[in-house]
*Asks:* 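Sharing a structure here in structure tokens format.
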Amino acid sequence: MKILAIETSCDETAAAVVEDGRRVLSSVVSSQIDLHVRFGGVVPEVASRAHVELLTPVVAEALLEAGVDGKEIDAVAATAGPGLIGSLLVGLSAAKAYALAWQVPFVGVNHMEAHLHAAFLEEPDLALPVVVLLVSGGHTLLIAMEDAASGSGSGSGSGSGSGGAPFPFRYRLLGQTIDDAAGEAFDKVARFLGLGYPGGPAIDALAATGGGDPRAVAFPRAMRAEGYDFSFSGLKTSVINYVRKHPDVEVADVAASFQEAVVDVLVTKARRAARELGARGICIGGGVAANSLLRLRILEACVEDGITAFVPSRAMCTDNAAMIGVTAWYRLRADGPSPLDLPALPNLALPFS
Ligand code: KG4
Ligand code: ZN
């Protein structure tokens with residue numbers, strides 16, 4: 001089954017063709033960063049207008065790269081939420097139109113569930129249960145991903161079940177941020193340090209190549225020893241206060257010390273969760289999972305603990321449509337097609353059991 005998948009939840013216009021939820025025949029991502037950079041962040045109205053202009057050529061390129069004709073597409077999927085309402089509507093409306101024109105099923109996909117599934121494209125034999133650290137610009141979630149057939153509880157939002165096949169996964173929320181998301185903290189601190197937008201890659205690069213000392217400033221590690229929730233807004237304020245008090249501090253040292261504090265908390269909690277749950281591995285996803293230090297520390301922690309680290313490629317961590325195609329395949333088999341009047345759902349949550 002070949003699924004054409006579309007992702008337009010934020011500032012990437014993306015389309016992909018994915019076969020049987022496993023094989024990526026094409027994955028095209030057109031970033032709008034250049035349009036938003038002068039505003040220091042994503043401007044929703046600019047983003048949705050750009051999606052309107054970019055989507056048709058991006059879909060055409062995805063079909064061309066996959067070497068398939070529209071007539072060979074068996075289903076069309078798009079992100080239904082969470083995300084920016086105007087941006088979501090562009091991809092969702094286009095996907096419905098393609099599905100209607102080609103007379104194939106339409107599937108609305110949860111963007112966060114797609115981030116959870118991204119690792120499966122590169123690690124098809126991922127052994128469950130795994131602890132997943134989902135860290136993006138809008139979310140910081142620690143999740144236990146389990147085999148729906150094992151243990152207690154029902155499957156994760158198995159929906160109407162009209163597709164017939166059982167949904168294979170169950171998600172349990174272990175913890176989440178109580179204030180800023182990890183990516184939001186990177187973006188706000190980078191903005192304050194004058195490193196531009198998006199902040200995550202800028203801090204990552206400066207910490208790695210700018211010779212920053214991660215021990216230069218001992219920034220606080222909020223809630224490090226308590227539970228599985230996270231808090232990053234105090235850390236952001238500490239950075240601001242420190243730089244105001246020490247205006248001559250090396251920016252690279254601040255960037256490296258800030259990054260060290262975020263990664264320390266993320267890895268400590270993911271590792272403790274994996275140990276307490278007896279997980280087979282730790283998986284990372286979302287834009288912040290592209291961070292070099294986080295990737296390294298997760299790998300080191302998993303080697304030390306004798307479990308598997310699932311660290312998807314950077315392209316699979318940041319927003320893309322291939323991950324939408326995998327999720328659509330599972331959801332279509334389990335729940336059947338989505339109705340054509342499915343609305344955009346800006347606050348759509350993950351279906352936790
Ligand atoms: O998942 P994503 O592409 O979009 C959503 O938020 O859904 O994540 C974007 C976030 C931004 O906050 C960006 O600064 C952060 O991911 N990010 C990074 C890195 N690359 C992207 N944060 C830290 N290090 C990176 N290398
Ligand atoms: Zn995302």
Side-chain angles (χ1 to χ4, degrees), residues 110-136 138-158 166-179 181-183 221-232 261-289 291 293-312 316-317 323 326-327 330-331 334 349-353:
N110 182 317
H111 179 88
M112 300 312 289
E113 184 168 47
H115 272 305
L116 274 175
H117 290 180
F120 282 83
L121 275 172
E122 294 171 342
E123 304 271 359
D125 303 321
L126 198 144
L128 301 175
V130 289
V131 164
V132 190
L133 181 63
L134 259 193
V135 271
S136 71
H139 294 82
T140 303
L141 301 166
L142 197 59
I143 293 163
M145 191 165 171
E146 298 161 334
D147 184 345
S150 74
S152 57
S154 59
S156 272
S158 49
F167 190 72
F169 312 112
R170 187 172 65 215
Y171 318 121
R172 272 194 304 124
L173 178 64
L174 304 174
Q176 60 188 323
T177 183
I178 58 166
D179 41 54
R221 271 78 162 153
M223 303 165 73
R224 186 179 186 273
E226 300 151 40
Y228 294 131
D229 281 342
F230 302 90
S231 166
F232 294 111
V262 175
V263 170
D264 179 20
V265 175
L266 292 175
V267 175
T268 301
K269 296 209 180 207
R271 191 174 189 179
R272 193 169 69 230
R275 226 178 267 151
E276 283 173 17
L277 265 69
R280 310 275 293 271
I282 299 177
C283 179
I284 55 174
V288 181
N291 183 268
L293 186 68
L294 177 61
R295 299 167 76 82
L296 177 71
R297 290 283 165 80
I298 287 288
L299 286 169
E300 287 172 352
C302 288
V303 167
E304 247 183 79
D305 294 351
I307 55 175
T308 312
F310 298 103
V311 177
M316 203 47 75
C317 291
M323 66 182 192
V326 195
T327 310
Y330 284 114
R331 282 294 172 195
L350 269 169
F352 291 118
S353 57

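The first residue in the sequence is number 1, and the count goes up from there. Both backbone and side-chain heavy atoms feed into the values below; hydrogens, waters and symmetry mates do not.
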*Asks:* Just jot down the side chain to side chain donor-acceptor pair (under 3.5 Å) partners of Thr327, sequence neighbours excluded, or say none.
*Replies:* His117
*Asks:* Calculate, to the nearest 0.5 Å, the distance between atoms OG1 and CG belonging to Thr308 and Leu299 respectively.
*Replies:* 11.0 Å
*Asks:* Which heavy-atom pair separates Phe230 from Phe232 by the least distance, and what is that distance?
*Replies:*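 Closest pair (atom of Phe230, atom of Phe232, distance): CB-CE1, 3.8 Å.
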*Asks:* Between Tyr171 and Phe169, how do the two ring planes meet: parallel, tilted or perpendicular, split at 30° and 60°?
*Replies:*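 Plane angle under 30°, so parallel.
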*Asks:* Checking side-chain contact (heavy atoms from CB on, under 4.5 Å) against His139, which of Gln176, Met112, His111 comes through?
*Replies:* Met112
*Asks:* Ignoring hydrogens and geometry, is there a side-chain-to-backbone donor-acceptor pair from Arg271 to Ile298 under 3.5 Å?
*Replies:*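 No; judged by distance alone, with no hydrogens or angles, the pair does not exist.
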*Asks:* Is it true that atom CZ of Arg272 has more than 12 heavy atoms of other residues, nucleotides or ligands lying nearer than 6.0 Å?
*Replies:*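 Enclosed.
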*Asks:* Output the distance between atom SG (Cys283) and atom CD (Glu123), rounded to the nearest 0.5 Å.
*Replies:*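 Rounded to the nearest 0.5 Å, the SG-CD separation comes out at 8.5 Å.
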*Asks:* List the residues meeting side chain to side chain donor-acceptor pair (under 3.5 Å) with Glu226, not counting sequence neighbours, and say none if there are none.
*Replies:*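 So Glu226 forms no side chain to side chain donor-acceptor pair (under 3.5 Å) with any residue.
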*Asks:* How far apart are the C-alpha atoms of Phe120 and Met323, what are their side-chain angles, what is the distance that settles it, and do they pass the side-chain contact (heavy atoms from CB on, under 4.5 Å) test?
*Replies:* CA-CA 9 Å; Phe120 282 83; Met323 66 182 192; over 6 Å; no
*Asks:* Which atoms form the tightest heavy-atom contact between Gly175 and Asp229, and what is the distance?
*Replies:* CA-OD1, 3.2 Å
*Asks:* Under the 3.5 angstrom rule, does the side chain of Asn110 hit a backbone N or O of Ala349 as a donor-acceptor pair?
*Replies:*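 Pair found, side chain donor or acceptor close to backbone of Ala349.
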*Asks:* Within this structure, what is the CG-CG distance for the pair Leu266 and Leu294, rounded to the nearest 0.5 Å?
*Replies:*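 One gets 6.0 Å once the value is rounded to the nearest 0.5 Å.
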*Asks:* In chain order, what residues pass the side chain to side chain donor-acceptor pair (under 3.5 Å) check against Ser231, with sequence neighbours excluded?
*Replies:* Asp179
*Asks:* Has the side chain of Asp147 got a donor or acceptor atom that lies under 3.5 Å from a matching backbone atom of Ala149?
*Replies:* yes
*Asks:* For Val135 and Val262, run side-chain contact (heavy atoms from CB on, under 4.5 Å): C-alpha distance rounded to whole Å, both residues' side-chain angles, the deciding distance at 0.1 Å, then the answer.
*Replies:* CA-CA 11 Å; Val135 271; Val262 175; over 6 Å; no
*Asks:* Applying salt bridge (Lys or Arg N to Asp or Glu O under 4.0 Å), can you list everything that pairs with Glu122, at least two apart in sequence or on another chain?
*Replies:* none
*Asks:* Give the minimum heavy-atom separation between Leu128 and Met145, together with the two atoms involved.
*Replies:* CD2-O, 3.7 Å
*Asks:* Side chain of Thr177, backbone of Thr140: donor and acceptor closer than 3.5 Å?
*Replies:*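 Judged by distance alone, no pair lies under 3.5 Å.
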*Asks:* Could you pull out all residues at least two apart from Asp264 that satisfy side chain to side chain contact (heavy atoms under 4.5 Å, CB included)?
*Replies:*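 Residues passing side chain to side chain contact (heavy atoms under 4.5 Å, CB included) with Asp264: Arg221, Arg224, Thr268.
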*Asks:* Taking side chain to side chain donor-acceptor pair (under 3.5 Å) as the test, write out the residues that go with Arg297, two or more places apart.
*Replies:* Glu260
*Asks:* Would you name the heavy atoms of Pro312 and Cys317 that are closest together and state the gap between them?
*Replies:* O-SG, 3.6 Å
*Asks:* Using 0.5 Å steps for rounding, measure from the CG atom of Leu133 to the CD1 atom of Ile282.
*Replies:*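 The CD1 atom of Ile282 is 8.5 Å from CG of Leu133, to the nearest 0.5 Å.
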*Asks:* Which heavy atom of Ala270 sits nearest to which heavy atom of Val131, and what is that distance?
*Replies:*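 Residues Ala270 and Val131, closest heavy atoms: O-CG1, 4.0 Å.
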*Asks:* Is it true that a side-chain atom of Arg172 and a backbone atom of Ser353 form a donor plus acceptor pair closer than 3.5 Å?
*Replies:* no
*Asks:* Could you measure the distance from the CD1 atom of Ile178 to the CE atom of Met223? Nearest 0.5 Å is fine.
*Replies:* 4.5 Å
*Asks:* Looking at Ala119 and Leu126, what are the two nearest heavy atoms and their distance?
*Replies:* CB-CD1, 3.8 Å
*Asks:* With rounding to the nearest 0.5 angstrom, report the CG to CD1 distance, Leu116 to Ile143.
*Replies:*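 Spacing of CG (Leu116) from CD1 (Ile143) equals 4.5 Å.
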